[in-house]
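Single-structure report; data block below.
Letters A, B, ... are given to chains in the order of the sequence lines, protein chains preceding strands, and every chain is numbered from 1.
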Protein chains: 2
Amino acid sequence: MEVLIVEDDPLHRSYLHDAVRAALPECDAVIEADNGRSGESLARQHRSEHIVMDLQMAERNGIEAARTIWKERPNTRILFWSNYADEAYVRGVSRIVPEGAAYGYVLKSASDNKLKLALRSIFMEAQCVIDREVRGMQQKSLGTVNGFTDVEYEILIDIALGLTDRTIARRHNLSLRSVQNRLQQLYEKLNIYQRMGDDSEEGRYNLRSRAVAVAVLRKLINYSALERAEIELNEWLGAKP
Amino acid sequence: MEVLIVEDDPLHRSYLHDAVRAALPECDAVIEADNGRSGESLARQHRSEHIVMDLQMAERNGIEAARTIWKERPNTRILFWSNYADEAYVRGVSRIVPEGAAYGYVLKSASDNKLKLALRSIFMEAQCVIDREVRGMQQKSLGTVNGFTDVEYEILIDIALGLTDRTIARRHNLSLRSVQNRLQQLYEKLNIYQRMGDDSEEGRYNLRSRAVAVAVLRKLINYSALERAEIELNEWLGAKP
DNA sequence: TCTTGTCTTGCGGGATCCCGCATATTTTGC
DNA sequence: GCAAAATATGCGGGATCCCGCAAGACAAGA
């Protein structure tokens, strides 16, 4: 059995290495990559079936790397090991995990033991392991209570990219008015309609920009989500005509 | 001599500890804090004069912590040790460093040697040490060529927060038209005016939102910058009437 | 002093955005 | 299969945004 580690911080990488060695005596070889790109090519080269991957890396982030790896070999088992449980990351991961694949999401702040347990569960038992806090995130985001529909999230991304209503409409094959409906819906959920100082009459925000701002502050959007969205936008722009 | 380490990642914290011990034999005591808030109180309590500080921490980020520490004792020497050289961070730091204070900015990807050299230079010689890449960032941002004026950066933050033109005008005591002038200026510098697909007629972005998007993608804005800006906005809102 | 350049302000107009109201169309639940 | 609920669409209008044009304010420099 062979494990591939993709992590750009040397300290964390060697820590992971030790943890893998300790948790998986049946593991013969540990390979390391220090960014997403080399992670992809090492995975392809070794036909890796067990990967531990950091999410935020400078060169090429973990979600992108995981996506191409899973596209080639959907049975690969990947444990994501990340600093944060931003909704943007959680959504990004759960959007790309293939049907029935075993994967995990563990925070770096978790204890040694938790990490080792997760390693065994995923790689040996093919069982999904999602950190408590991340799980909470998922439920909150996918649950209907305070969460956001895929549709709402989609349009949030679109305005975050700076698209006009008309462009969004064409991108999703909708009418202009429908786009604006969804926007209203989004503003409502993000609670944008509050006045700034509740004092005088004047005090509204620019709804569109404000929505993006609070989405960022609530970590519904982060840099890597925007980066991916921008790439997808460009693909669509290229394929349209 | 006593050194205070403020860093929320245990691995990095112990690495820093070792580095300080090795680089500064004249250091009797090393204190550690694992987030900005406790960092502040420890600094106050010990009247720390030598601090190594991470920038992105979950509880309370390094810039905020440094600001309050410097407000109380402007002669404190602080070495910022960060993963990234985002322009948002660099600007954030250089906005709060007091006149004549010795400080440093070293990337976590730097070599052991660089870190130790920086520690000695700042703490022993009271000399500023800025990482090459960060320095490059500074020049690019402060230089007139491709860089952004404080005025332009200011209005960028304002629209990123979701303010309306009118509110921005009142916040900076400007006329509506002047605000819009500055916006045009900003759009120009961010190169927003390109069409999306250069094919057909239709293809403009929503300039305002797009500006924020490319600013994020270019790392002129990041989460922590927006967070600080939001706090300042609320202070202004509270103090206005 | 006069010029030149930068910054500010006002006016006006076209484009876009936000949204209430009314009407299809689709989905959901029973 | 049908009613209820959500979703999509069209129309119209008020508010905001984007910006060209032009006139004043102010500082730097020849």
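In this structure, CD1 of A:Ile192 is placed 17 Å from P of C:dC17, rounded to the nearest angstrom. Remark: C1' of C:dC18 and CZ of A:Arg166 are 15 Å apart, rounded to the nearest angstrom. Put simply, CG on A:Asp150 is 18 Å from P on D:dA6, counting in whole angstrom units. As rounded to whole Å, 13 Å separates atom P of D:dT16 from atom CD1 of B:Ile168. Atom-to-atom, CG of B:Leu163 to P of D:dT16 comes out at 14 Å; the value is rounded to the nearest Å. Atom C1' of nucleotide C:dC17 and atom CD1 of B:Ile159 are separated by 16 Å, given to the nearest angstrom. If you measure from atom CZ of B:Arg210 to atom C1' of C:dC17, you get 19 Å, rounded to the nearest angstrom. In this structure, B:His172 atom NE2 and C:dT8 atom C1' are separated by 15 Å, rounded to whole Å.
For the pair A:Arg177 and C:dC19, the criterion of a side-chain N or O lying under 4.0 Å from OP1 or OP2 is not met. Remark: B:Ser178 is in phosphate contact with C:dT9, judged by side-chain N or O atoms under 4.0 Å from OP1 or OP2. OP1 or OP2 of D:dG20 sits under 4.0 Å from a side-chain N or O of B:Gln184. Phosphate contact (OP1/OP2 of C:dT8, side-chain N/O of B:Arg182, threshold under 4.0 Å): present. Note on B:Tyr187: every side-chain N or O is 4.0 Å or more away from OP1 and OP2 of D:dC17. Contact annotation: B:Tyr205 side-chain N/O to C:dT16 OP1/OP2 distance is not under 4.0 Å.
Judged by a 6.0 Å distance limit and a 45° cone about the ring axis, B:Arg77 is not positioned over the six-membered ring of B:Tyr103.
Salt bridge status for B:Glu235 with B:Arg228: absent, with no side-chain N to carboxylate O gap under 4.0 Å. Between B:Arg210 and A:Glu230, at least one side-chain N (NZ, or NE/NH1/NH2) sits under 4.0 Å from a carboxylate O, which counts as a salt bridge. Salt-bridge check for A:Glu64 with A:Arg67: passed, with a basic side-chain N closer than 4.0 Å to an acidic carboxylate O. No salt bridge links A:Arg218 with A:Glu87; every basic N to acidic carboxylate O contact stays at or beyond 4.0 Å.
Counting only heavy atoms from C-beta on, A:Leu183 has its side chain closest to C:dC18 among C:dC18, D:dC17, C:dC17. Closest to the side chain of A:Asn206, out of D:dC17, C:dC19, D:dC19, is D:dC17. Of the candidates C:dT9, D:dC11, D:dA8, the closest approach to any side-chain atom of B:Ser175 belongs to C:dT9. In this structure, of C:dC19, D:dC19, C:dT9, it is C:dC19 that holds the atom nearest to the side chain of A:Leu207.
Residue B:Thr76 comes nearest to B:Trp70 through the heavy atom pair O-NE1, 2.8 Å, listed as atom of the first residue, atom of the second, then distance.
Within 4.0 Å (heavy atoms only), A:Leu176 reaches no atom of the nucleic acid at all. At a threshold of 4.0 angstrom between heavy atoms, the contacts of B:Asn181 include nucleobase atoms, whether or not backbone atoms are also involved.
Projected onto DNA chain C by closest heavy-atom contact, B:Gln180 and B:Asn173 fall at different nucleotides, the more 5' of which corresponds to B:Asn173.
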